[in-house]
Amino acid sequence: MKDILIQDKKIAIVGGGPGGLTLARLLQLKGADVKVYERDLNKDARVQGSPLDMHPESGWAALREAGLLDEFNSNVRIGADKKIIVNERAEIFFSDHEPEAGKDAGKGPSHPEIDRGKLRKVFLDSLQPGTVVWDSRFVSMEPQNGGWLLHFKNGSSAYADLVIAADGANSKIRSYVTDIKAFYSGVTMVEINVNDAEKAIPDIYKLLNGGKVMAFGNGRNILGGQKGDGGLGFYLSFKPDENWALNSGLDFSDKTQLLAWFKIEYNGWSDIWCSLIEKAEMPLIPRPIYCMPLDQAWQTLPNLTLLGDAAHVMPPFAGEGANTSMFDALELSRCLASGEFDTLQDALSFYEVGMRKRASAAAKQSLENGQRMHSEGALEKMLAAFGVK
Ligand SMILES: Cc1cc2nc3c(=O)[nH]c(=O)nc-3n(C[C@H](O)[C@H](O)[C@H](O)COP(=O)(O)OP(=O)(O)OC[C@H]3O[C@@H](n4cnc5c(N)ncnc54)[C@H](O)[C@@H]3O)c2cc1C
C-alpha cells in the first residue's frame, strides 16, 4: 500500500460552504493538515438561502462518512420536507402532510431538511480549532515551490501544496483551471424573506403548515418553505432575460414598485401572494440562475482542483447542488487518501472525471425540471410527476 498522498502536505480549501466544510472534516479524519479560507467575517455571519434537504446517496452519505449523523439528526426540522402543490389561486392539488394510513408511519423523513446555518455549525463544531481562517477573501494566487501562494483581500497570504476551490458559483479560483463559463438557464428567482411569518402572513403560514409550497400558474412559480427562525423564505421564479434585474429599473427595496410589478408579471394570481411582498424584509434579492455546460472538461492540474458550485453550478430545481458538493467532497477525500494513486495529479484526475459525470447528470435533471416547472401546463405536469392523476 502506498503512502497517502496528503501526508506532510498543506491543503488550502477556499470557501466554507457545504462542500468546503465537508471536505475539511473528511480530510482531518484522515490526518491531513487543512485550512479553510472563508470570506465571511466570523462564524456568526448569517448564512443566507433556503433550507437544504439531504439526499440519502449524496449529502447524507457524506455526513455519515464524516461521523456527523447524530449531530445532523438533532438539527433536522421535522415536517419541513412536507409539501403542497397549489395553483395560482392557492388551491391545494397535492399534499403529503397526511401519509396514507399505515404507509410511512413512524418513519423519519426520506429527505431530511436542515437550515444552512445549522449545517454549517454542525461542520464547524467538528473541525479542529483554528481550521477556518475567517475574513479571508481570496483575490489571487501564484505558483510557488510546487504549490501556490494565496493572497487575500485583508492583505494576508498563505502557502499551500494543494488548493481546492470550494468558493461557489462565482468562484475566483476557477479561472486558474479553465475558462469555461456558466450559461444563463433562462430562469431568474427573486428571493423573499418574511420574518415572524405566523404573525406577518398568517394565511400563507397556515397554508404551508411547517412545510413547503410549490405554486404553478401561467409559466411562473412561487416556491417557498419554512425556516428554522420562524421566518418563511420564498422565490418568485420566472423566465425573463438574463439582465432583467439590471434593466428593469426596479428598486428592489421599494415595496410599492415591487407590488405594482408583481401584479403585472403574476397577472391572474391571487392577492394572497401580494402579502409576501408587503411583509417582506427589504431588499428582495434577484438571482439569475446559471448552469455549467454539461460537456465541460479540462486538463487536470497537479495541485489545484474544483469542487461544488465552483466546478458545476446548476439550477436548484432538483435540489442537487449542495448534495452534489458534499458528495464531491466525499469522493475527493477518498481519492486523496486511498493509497491507490501514484501522484496527486492521478488522484485529482480520477476524481474530476467522476465528478464531472455525476454533476452533468444532476445538472441535466435540474434543467429539465426547470423547463417543466416553467412551462404551460406546469401544474398538471408536476402533479403527474408526484403520481396525481
Ligand atoms: C435559489 C436556490 C435554491 C437552492 N436550493 C437548493 C436545495 O434545496 N438543495 C440543494 O442541494 N441545493 C440547493 N441550491 C444549491 C446550493 O445552494 C449550492 O449548490 C450549494 O450551496 C453549493 O455549495 P458549495 O459549498 O459548493 O458553495 P457555496 O454554498 O456557494 O459556498 C461557497 C463559500 O465560499 C465562500 N466564498 C466565496 N467567494 C470566496 C472568496 N473569494 N474567498 C473566500 N471565500 C469565498 C462563500 O462565502 C461561501 O461560504 C440552491 C441554490 C439556489 C440559488
Side-chain angles (χ1 to χ4, degrees), residues 12-24 35-43 45-55 58-60 62 80-81 83 111-117 119-120 123-124 132-141 150-154 156 158 163-175 185 187-193 212 214 221 223-225 233-237 285-292 306-329 332 355 359 362-363 366 369-370:
I13 299 169
V14 179
L21 293 180
T22 306
L23 182 65
K35 290 275 185 235
V36 178
Y37 296 95
E38 167 57 50
R39 70 180 169 186
D40 283 347
L41 290 186
N42 55 50
K43 67 176 175 43
R46 208 169 140 249
V47 183
Q48 301 222 350
S50 51
L52 298 168
D53 65 323
M54 294 288 106
H55 300 181
S58 48
W60 197 84
D81 60 320
K83 66 191 100 30
H111 282 186
E113 293 257 345
I114 189 166
D115 286 317
R116 286 171 191 255
L119 183 65
R120 180 180 253 193
F123 278 108
L124 290 178
V132 179
V133 188
W134 299 100
D135 189 19
S136 300
R137 182 188 282 269
F138 170 91
V139 283
S140 67
M141 62 185 184
L150 297 96
H151 303 289
F152 302 99
K153 194 168 175 215
N154 64 11
S156 66
V163 174
I164 291 124
D167 54 340
N170 298 314
S171 171
K172 288 279 176 296
I173 305 186
R174 184 178 161 94
S175 61
S185 71
V187 174
T188 290
M189 300 175 86
V190 178
E191 183 175 332
I192 298 179
N193 290 294
K212 303 180 197 219
M214 293 194 272
N221 308 170
L223 310 171
F234 293 88
Y235 295 99
L236 308 178
S237 187
I285 309 164
R287 298 188 187 280
I289 301 295
Y290 289 88
C291 187
M292 282 301 169
L306 308 171
L307 172 153
D309 278 9
H312 47 61
V313 65
M314 65 185 76
F317 303 115
E320 290 285 356
N323 282 282
T324 309
S325 298
M326 293 168 72
F327 196 72
D328 288 352
L332 179 54
M355 175 264 282
S366 304
N369 285 359

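Index from 1, following the sequence. One-based numbering, in listed order, for ligands and for the atoms of each.
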Shortest non-hydrogen separation from [X] to [Y] and the atoms involved:
X      : Y      : answer
Ile289 : Pro316 : CG2-CD, 3.7 Å
Met292 : Ala310 : CE-O, 4.4 Å
Trp60  : Met54  : N-CB, 4.2 Å

Only heavy atoms count here, so choose which of [options] is nearest to [atom].
atom                    : options                        : answer
atom 32 (C) of ligand 1 : Pro51, Ala318, Gly15, Ala166   : Ala166
atom 39 (C) of ligand 1 : Val313, Asp167, Asn323, Leu306 : Asp167
atom 30 (O) of ligand 1 : Gly308, Gly168, Gly16          : Gly168

Which of the atoms of ligand 1 are close to [X], meaning less than 4.0 Å from one of its heavy atoms?
X      : result
Gly17  : 25 (O), 31 (O), 33 (C), 49 (O)
Val14  : 42 (N), 43 (C)
Tyr37  : 43 (C), 44 (N)
Leu52  : 6 (C), 7 (C), 9 (N), 10 (C), 12 (N), 13 (C)
Ser325 : 22 (C), 23 (O), 24 (P), 26 (O)
Gly19  : 25 (O)
Glu320 : 11 (O)

Sub-3.5 Å donor-acceptor pair from the side chain of [X] to the main-chain atoms of [Y], do we have one?
X      : Y      : value
Glu38  : Gly16  : yes
Asp135 : Asn154 : no
Asp167 : Val14  : no
His312 : Met355 : no
Asp115 : Gly117 : no

Quick test: of every protein heavy atom, which one is nearest to [atom], and how far off is it to 0.1 Å?
atom                    : value
atom 29 (O) of ligand 1 : Pro18 CD, 3.3 Å
atom 44 (N) of ligand 1 : Arg39 N, 3.2 Å
atom 47 (O) of ligand 1 : Glu38 OE2, 2.7 Å
atom 53 (C) of ligand 1 : Ile289 CD1, 4.2 Å
atom 12 (N) of ligand 1 : Ala322 N, 3.2 Å
atom 42 (N) of ligand 1 : Phe138 N, 2.9 Å
atom 51 (C) of ligand 1 : Pro316 CB, 3.9 Å
atom 19 (O) of ligand 1 : Asp309 OD1, 2.8 Å

Fill in the blank from the handout: Which of Arg137, Arg46, Arg120 passes salt bridge (Lys or Arg N to Asp or Glu O under 4.0 Å) with Asp40? Answer is Arg120
Completion exercise
The answer for which part of Ser136 has a heavy atom under 4.0 Å from ligand 1 is backbone
Exercise for the section: For the pair Tyr37 and Phe152, name the ring-plane relationship: parallel under 30°, tilted 30 to 60°, perpendicular over 60°. Expected result: parallel
Problem - Heavy-atom neighbours of Asn170 CG exceed 12 at 6.0 Å - result: no
Problem - Any Arg116 heavy atom less than 4.0 Å from ligand 1 - result: yes
Practice task
Report yes or no: does Arg120 have a heavy atom closer than 4.0 Å to ligand 1?
Solution key: yes
Problem - Polar atom proximity, Gly319 to ligand 1 (N or O, under 3.5 Å) - result: yes
Handout entry: Check against salt bridge (charged side-chain N to carboxylate O under 4.0 Å, His left out), Asp53 and Lys83
Key = CA-CA 12 Å; Asp53 65 323; Lys83 66 191 100 30; over 6 Å; no
Problem - Verdict with reasoning, Asn323 to Phe327, per side chain to side chain contact (heavy atoms under 4.5 Å, CB included) - result: CA-CA 6 Å; Asn323 282 282; Phe327 196 72; over 6 Å; no
